[in-house]
Amino acid sequence: MAPDALERKKQEKSVGLKELPGDYSSLVLRFAPNPNGPLSLGHSRGVVINSEYAKMYGGKVVLRFDDTDTKVKPPIPDAYSWIEEEFEWISGRSADIVIRASDRMPIYLDYARKMIQDGHGYVCRCKSEEFREFRNLKEECPCRNKSIEGNIADWEEMNERVIESGGAVVRVKTEMTLPNPALRDWPALRIQHKPHPMVGDKYKVWPLLDFQSAIEDHEQGVTHIIRGKDLMDSTRKQTLLYEHFGWEYPVALYWGRVKVHEYGGFSTSSIREAIDSGSKEGWDDPRLPTIKALQRRGFCSDSLREFWIDLGLSQKDISIPLQTLESFNARIIDPKTERRVFVGDPSEILLEGELPTSDLRLPRHPENPKAGNRNWEVGGPVAIQSSDVGDGVVRLKDFADVKIVDEYANIESFEKSDERRIIHWLPLKNSRKARLVIPNGDEINELNGLLEDIDLVIGDVYQLERVGFARLDRFEEDFTAVLIWLHS
RNA sequence: GCUCGUGUGGUGUAGUUCGGUCCAUCAUGCCGCCCUUUCGAGGCGGCGACCCGGGUUCAAAUCCCGGCACGAGCACCA
């Protein structure tokens, strides 16, 4: 009889995102970037995970700009619209609700005042180093037992610009004996006198992330918070605040840190510095891990979605090669990417022998005849890659077996007659000067050559035969085509 | 130091809740072959893993204890 082994069914890998815990019947999620620059590859994880879950359960995503810092990470005015557009590009839909923390300051300040009034918060005028001492010693600082009236008076002074920046902070009253030092009377609001790029100098007291985010999540009715596990203590801090207000904290889920080999560690601030110092061209410099750069190189948004969904919500810290994303992208774009020839470092040769009288008709896509043809004039000189000459016995792809001697290529057969190497080539008549720009770590490598000059559309991605995928970025004044390397 | 989190092939990932259906899934990578007028795509095959040590149990990737490693938080940044 059949052994058990034949009946045993192989286990399967579950695909897609796992079921969300908690009640997701009226799901509200949020994605909360700082508009101190456009979105990066890392941000796209938040966009994808949140928007995919919203799609799964018919929920909503709030796009919230956490722009409450004017000093360390000041917002860039243009970044608000960049991010809205990038969110839409990545997720394939626009955010359901878009809000800016800087527009909602009165709400935060009201809650802060209420917290003080209720005795759950206090104005602390210790220096940060002094407070750190108290925190480490699990001791209460002198400001902690001030009367509510005294705290309200200090609060007024903070808001009336009587107290200088750095002179006072509002703390949430927890317990100084809490085992986790991060939770002991954590800071909720501080003074910033540097004007905000969007709302000017209207406010003197600004909430910190943990406070602003907690209040706004409640205001928006957020049901699930999905964020990096570096924010686990934020959850704990905010839960204590919610207890003060008598609110129920959303379900929190986390992902671990992701490092992409090719990009290493980076931050929006560090990219901004690199651009300001001139070591990078701009936010879309192809070496950068920004969404703008990935778009410019020709990545499609589906690849980003598949990539992040495949990674899922693991709390593991991972380091992954860009190649993984590239393989997703290649699989998706290959069926719809037209072929062209790019000859890098070209050598000119002349064809000898009997030439066909009609043009050579090549498919724009080998698996999709409907895409049509590219027609080449085979008379006249042609270009081949210098490194392809070898012993001279090669097949010019889609054309003929030739033997190359010096500058001449003798046509031996149109049919494929043996196992000789197949190389790509290009009639000069059908070519134009081109430059392939290849990002390589912190460098940019450039390869000069000739590009098949047939129906080239700026912004389109082509598969350069035997080379790889690249996107046509622009034409220069002398008509040189500039291609940006995507991947092989 | 305190607190928290995570450990499955080279890289990711499924399985861990409720131990057996797991001599462990899938992808990517690498190797080989087939097909092919691309070194692309596709097809087929192969390589390769449960952090370590105890314990419970007929049975542990899965439960318990103890190590170890890595990461994060302890900012008047987000």
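Residue numbers begin at 1 in each chain, while the letters A, B, ... track the order of the sequences. Bear in mind the structure is a predicted one, so any value in this text is a computation, not a measurement.
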(request) Can you tell me, in whole Å, how much space there is between the C1' of B:C52 and that of B:A61? (result) 14 Å

(message) Please classify the nucleic acid contact of A:Phe399 as base, sugar-phosphate, or nothing, using heavy-atom distances under 4.0 Å.
(response) base

(request) Mind listing the closest non-hydrogen atom pair of A:Asp388 and A:Val394 along with its distance? (result) O-CG1, 3.9 Å

(request) With sequence neighbours excluded, tell me which residues meet side-chain contact (heavy atoms from CB on, under 4.5 Å) with A:Asp453. (result) A:Arg432, A:Leu456

(message) I'd like the C1' distance from B:C63 over to B:C23, given in whole Å.
(response) 22 Å

(request) Please name the residue in the list A:Tyr111, A:Trp206, A:Trp155 that meets the side-chain contact (heavy atoms from CB on, under 4.5 Å) test with A:Leu189. (result) A:Trp155

(request) Could you work out the separation of B:C64 and B:U6 based on their P atoms and round it to a whole Å? (result) 13 Å

(message) Let's test your reading of the pairing rules: Watson-Crick or G-U wobble, both distances under 3.5 Å, then write RNA chain B as a dot-bracket string with ( ), [ ], | and dots.
(response) (((((((..(((.......[.....)))((((((.......))))))...(((((..]....))))))))))))....

(request) Please state whether the phosphate of B:U8, meaning OP1 or OP2, lies under 4.0 angstrom from any side-chain nitrogen or oxygen of A:Lys316. (result) yes

Every protein N/O within reach of nucleotides 15-19 of chain B N/O, cut-off under 3.5 Å:
| residue | atom | partner | partner atom | Å |
| --- | --- | --- | --- | --- |
| B:G15 | OP2 | A:Lys18 | NZ | 3.3 |

(message) Among B:U3, B:C76, B:G71, which nucleotide has an atom closest to any side-chain atom of A:Asp317?
(response) B:G71

(request) Mark yes or no for whether A:Lys204, through its side chain, and A:Gln192, through its backbone, hold a donor-acceptor pair below 3.5 Å. (result) no

(request) Identify, residue by residue, the members of residues 230-240 of chain A with a heavy atom below 4.0 Å from RNA chain B, and return them in order of residue number, or none. (result) A:Asp230, A:Leu231, A:Met232, A:Asp233, A:Arg236

(request) Check whether any side-chain nitrogen or oxygen of A:Thr68 sits under 4.0 Å from OP1 or OP2 of B:C77, and answer yes or no. (result) no

(request) Determine: side-chain N/O of A:Ser314 to OP1/OP2 of B:U13, distance under 4.0 Å, yes or no. (result) yes

(message) Check this for me: does the side-chain of A:Glu367 come within 3.5 Å of the base of B:G40 through a donor and an acceptor?
(response) yes

(request) Keeping to residues at least two apart or across chains, list the salt bridge (Lys or Arg N to Asp or Glu O under 4.0 Å) pairs with something in residues 258-271 of chain A. (result) none

(request) Check the surroundings of atom NZ in A:Lys194: do more than 12 heavy atoms from other residues, nucleotides or ligands lie under 6.0 Å from it? (result) yes

(message) Below the 4.0 Å mark, does B:G73 have OP1 or OP2 next to a side-chain nitrogen or oxygen of A:Arg184?
(response) no

Table of protein N/O atoms under 3.5 Å from nucleotides 28-30 of chain B N/O atoms:
none

